[in-house]
Amino acid sequence: MFNSEEFQKDIEFNMKTQHRQLVSSKCFGFWTDICGFGSLLQKNDWNLGKLNDNHVMELQRSFYDIMGTIYETEERTLILNDGIAKVLKYSNYLRLNSDIILFYLRDLLISHYVFWKQANKFGVSVRSVFAAGEYIPYATNNKTGEVILQYNPENISEYGKQILNTTYVYNPTEFQMNTAFAKAFTIEGMGSKVGIMPDFFYIESSTVELINLIPDISFIKENDKLIISYKKIPRMNLHISNELNINCKGLNVTVYEISKFHIFEALDGDDIITEFGVLD
């Protein structure tokens, strides 16, 4: 227990915390949520068997397959029932491969659109928020039986081995005290009472600022559009259908509601215009 690598690593984190030596890093955070899932739970008496029988788990699986997709190696994804969180680290890898952010944002927008169409078949919708901030790791990313079991490695029972191989606490590094994720989650949770509506994709203003720090990338607001360019060539236009100023719990940000996006041929080889809230 006390000599395990896991235990020693956690002691190191504890010492860094006490001496204020923890290091924060910039990141992007994303939160997407099935709007109306609570009504499906209520309709099925919060009974998972009924949810399964009535095809609601097909919706959940579709959400996992579409929104839970791995978009980039620097991204980490966390599934929480009918919500999915993502964190993309603002790392040297991203700065050296600056066009990645274009494809990353494109994939988030397309996935939102694809799942939105699926959700409508079940009488529900989806709402997504893309934000920026920081994360600061303060502990190991999990706790296994190594931190609770004292044992002799030369003489350990099968039950002891089972304990050692079990993860008891999940604390993913990129989600440890993460303000980008917290912003996205908080904004989405405010809901329609502040104008954060189902169907749409929302971009928090500091996301635009952080993307603009990436070499060769320009992300500017021009009238009712957010235009993202790579090496001075426009690659995507995001149509702003509403601009919200949110001030809550010390969070003071502008949030752009995106109802339509235009992917230029220069990015994808095709010219694509997609609109949320309008079914074929």
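Residue numbers start at 1 and run along the sequence shown.
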K.L.:
Under a 4.5 Å cut-off applied to non-hydrogen side-chain atoms, are Leu40 and Asp82 in contact?
P.N.:
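Not touching, per the 4.5 Å side-chain cut-off.
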K.L.:
Are any of the side-chain heavy atoms of Tyr71 and Thr77 separated by less than 4.5 Å?
P.N.:
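The answer is no; the side chains never approach within 4.5 Å.
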K.L.:
Asp107 vs Thr69, test: side chain to side chain contact (heavy atoms under 4.5 Å, CB included). Steps then yes/no.
P.N.:
CA-CA 9 Å; Asp107 289 346; Thr69 297; over 6 Å; no
K.L.:
Give a yes or no on whether Tyr64 atom OH has more than 12 heavy-atom contacts from other residues, nucleotides or ligands under 6.0 Å away.
P.N.:
no
K.L.:
Say whether Trp31 and Tyr135 are linked into one hydrophobic cluster, either directly or through other cluster members, by side-chain heavy-atom distances under 4.5 angstrom.
P.N.:
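No.
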K.L.:
Applying salt bridge (charged side-chain N to carboxylate O under 4.0 Å, His left out) as the test, list every pair that has at least one member in residues 62-75; sequence neighbours left out.
P.N.:
Arg61-Asp65, Glu75-Lys86
K.L.:
Search all heavy atoms of Leu22 against all heavy atoms of Thr17 and return the closest pair with its distance.
P.N.:
CD1-OG1, 3.6 Å
K.L.:
How many angstroms lie between atom OG of Ser229 and atom CG of Asp216, to the nearest 0.5 angstrom?
P.N.:
11.5 Å
K.L.:
With no hydrogens and no angle check, is any side-chain donor or acceptor of Tyr202 less than 3.5 Å from a backbone partner on Met197?
P.N.:
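Yes, because the side chain of Tyr202 sits within donor-acceptor range (under 3.5 Å) of the backbone of Met197.
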K.L.:
I would like to know whether Glu158 and Lys161 meet salt bridge (Lys or Arg N to Asp or Glu O under 4.0 Å); could you show each step before the answer?
P.N.:
CA-CA 5 Å; Glu158 288 302 314; Lys161 291 177 183 177; 3.3 Å; yes
K.L.:
Would you say the side-chain atoms of Asn120 pair up with the backbone N or O of Trp116, donor to acceptor, closer than 3.5 Å?
P.N.:
yes
K.L.:
Please report the shortest heavy-atom distance between Gly133 and Ala180, naming the atom on each side.
P.N.:
N-CB, 3.3 Å
K.L.:
Hey, are the side chains of Leu164 and Thr144 touching, using non-hydrogen atoms and a 4.5 Å cut-off?
P.N.:
no
K.L.:
Ile211 and Tyr93: same hydrophobic cluster, using ILVMFWY side-chain contacts below 4.5 Å?
P.N.:
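Ile211 and Tyr93: one cluster.
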K.L.:
Give a yes-or-no answer on whether the side chains of Tyr151 and Glu146 include a donor-acceptor pair shorter than 3.5 Å.
P.N.:
yes
K.L.:
Please check: side-chain N/O of Ser62 versus main-chain N/O of Glu58, any donor-acceptor pairing under 3.5 Å?
P.N.:
no
K.L.:
Strictly under 6.0 Å, is that where the ring centroids of Phe276 and Phe261 end up?
P.N.:
yes
K.L.:
Under 3.5 Å, side chain of Arg235 to main-chain N/O of Tyr230, donor-acceptor pair present?
P.N.:
yes
K.L.:
Quick one, Phe201 with Leu108, criterion side chain to side chain contact (heavy atoms under 4.5 Å, CB included). Give me CA distance, side-chain angles, the key distance, then yes/no.
P.N.:
CA-CA 9 Å; Phe201 189 104; Leu108 288 178; 4.0 Å; yes
K.L.:
Could you tell me the separation between the CD1 atom of Ile203 and the CZ atom of Phe30, rounded to the nearest 0.5 Å?
P.N.:
10.0 Å
K.L.:
To the nearest 0.5 angstrom, please state how far the NE2 atom of His239 sits from the CD1 atom of Ile258.
P.N.:
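Here the interatomic distance stands at 8.5 Å.
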K.L.:
Under 4.5 Å between any side-chain heavy atoms of Phe185 and Asn178, yes or no?
P.N.:
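When only atoms from C-beta onward are counted, Asn178 and Phe185 do not touch, as no gap falls below 4.5 Å.
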K.L.:
Partners of Asn14 by side-chain contact (heavy atoms from CB on, under 4.5 Å), sequence neighbours excluded?
P.N.:
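For Asn14 the side-chain contact (heavy atoms from CB on, under 4.5 Å) partners, ignoring immediate neighbours, are Gln18.
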K.L.:
On a heavy-atom basis, which atom in Ile101 and which in Phe28 lie closest, and how many Å separate them?
P.N.:
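Nearest heavy atoms, Ile101 then Phe28: CD1-CE1, 3.9 Å.
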K.L.:
One pair to check against side chain to side chain contact (heavy atoms under 4.5 Å, CB included): Val126 and His112. What are the steps and the verdict?
P.N.:
CA-CA 7 Å; Val126 63; His112 175 97; 3.7 Å; yes
K.L.:
With hydrophobic residues grouped by side-chain heavy-atom distances under 4.5 Å, do Val23 and Tyr90 end up in a single group?
P.N.:
no
K.L.:
Considering non-hydrogen atoms only, spot the tightest contact between Gln176 and Asn171 and give its length.
P.N.:
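Minimum heavy-atom separation between Gln176 and Asn171: NE2-O, 2.8 Å.
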K.L.:
Does the side chain of Glu204 come under 3.5 Å of the side chain of Ser206 through a donor N or O and an acceptor N or O?
P.N.:
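On atom types as modelled, these side chains qualify, holding a pair under 3.5 Å.
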K.L.:
Quick check against the 3.5 Å criterion: does Glu188 have a side-chain atom that pairs as donor or acceptor with the backbone of Val129?
P.N.:
no
K.L.:
Does atom CG of Asp53 have more than 12 heavy-atom neighbours, drawn from other residues, nucleotides or ligands, at distances under 6.0 Å?
P.N.:
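Counting neighbours around CG of Asp53, more than 12 heavy atoms of other residues, nucleotides or ligands fall under 6.0 Å, so yes.
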K.L.:
Find out whether Leu226 and Val208 are in side-chain contact, i.e. whether some heavy atom of one side chain is under 4.5 Å from a heavy atom of the other.
P.N.:
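Touching, per the 4.5 Å side-chain cut-off.
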K.L.:
Checking the side chain of Lys221 only, and the main-chain atoms of Asn223 only, is there a donor and an acceptor separated by less than 3.5 Å?
P.N.:
yes
K.L.:
Counting N and O atoms only, with roles assigned by atom type, does the side chain of Arg127 sit under 3.5 Å from a partner on the main chain of Ile196, one being a donor and the other an acceptor?
P.N.:
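Confirmed, Arg127 side chain pairs with Ile196 backbone.
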K.L.:
Do you know the tightest heavy-atom contact between Thr32 and Ser128?
P.N.:
OG1-OG, 2.8 Å
K.L.:
Can you tell if the side chain of Leu51 reaches within under 4.5 Å of the side chain of Gln60, non-hydrogen atoms only?
P.N.:
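No, too far: nothing below the 4.5 Å cut-off.
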K.L.:
Would you say that more than 12 heavy atoms from the other residues, nucleotides or ligands in this model lie under 6.0 Å from the CG of Leu80, or not?
P.N.:
yes
K.L.:
Would Leu267 end up clustered with Ile233 when hydrophobic side chains under 4.5 Å apart are linked, directly or stepwise?
P.N.:
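Each belongs to a different hydrophobic cluster.
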K.L.:
Treating Ser125 as the side-chain partner and Asp199 as the backbone partner, does any N or O pair qualify as donor plus acceptor under 3.5 Å?
P.N.:
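Yes; judged by distance alone, with no hydrogens or angles, the pair exists.
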K.L.:
If you define the side chain from C-beta out and look only at heavy atoms, does anything of Phe175 sit under 4.5 Å from Tyr170?
P.N.:
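No, side chains not in contact.
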K.L.:
Looking at CG of Asn237 and NZ of Lys260, how far apart are the two atoms once the value is rounded to the nearest 0.5 Å?
P.N.:
10.0 Å
K.L.:
Under 4.5 Å between side-chain heavy atoms, counting indirect links through other Ile/Leu/Val/Met/Phe/Trp/Tyr residues: same cluster for Leu251 and Ile136 or not?
P.N.:
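As far as the 4.5 Å side-chain criterion goes, Ile136 and Leu251 are not connected within one cluster.
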K.L.:
Heavy atoms only: give me the nearest Val87-Cys27 pair and the separation to one decimal.
P.N.:
CG1-CB, 4.0 Å
K.L.:
Calculate, to the nearest 0.5 Å, the distance between atoms CD1 and OG belonging to Ile214 and Ser98 respectively.
P.N.:
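One finds 7.5 Å between CD1 of Ile214 and OG of Ser98.
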K.L.:
Contact between Ile163 and Ile148 at the side-chain level, heavy atoms closer than 4.5 Å - yes or no?
P.N.:
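Side chain of Ile163 against side chain of Ile148, heavy atoms only: contact under 4.5 Å found.
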K.L.:
Under a 3.5 Å distance rule, please check whether Asp45 uses its side chain to pair with a backbone N or O of Asn47 as donor and acceptor.
P.N.:
no
K.L.:
Side chains of Glu134 and Thr179: is there a donor and an acceptor less than 3.5 Å apart?
P.N.:
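No - no donor-acceptor pair under 3.5 Å links their side chains.
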K.L.:
Does any N or O in the side chain of Lys183 come within less than 3.5 Å of the main-chain N or O of Ala132, such that one atom is a donor and the other an acceptor?
P.N.:
yes
K.L.:
Nearest 0.5 angstrom please: Leu59 CG to Ile34 CD1, how far?
P.N.:
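Between Leu59 CG and Ile34 CD1, I get 4.5 Å after rounding to 0.5 Å.
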K.L.:
Run through Leu105, Ile263, Ile227 and flag the one making a side chain to side chain contact (heavy atoms under 4.5 Å, CB included) with Leu238.
P.N.:
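That would be Leu105; it is the only one of Leu105, Ile263, Ile227 passing the side chain to side chain contact (heavy atoms under 4.5 Å, CB included) with Leu238.
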K.L.:
Given Asn142 and Val169, is the side chain to side chain contact (heavy atoms under 4.5 Å, CB included) satisfied, shown in steps?
P.N.:
CA-CA 5 Å; Asn142 57 45; Val169 176; 5.8 Å; no
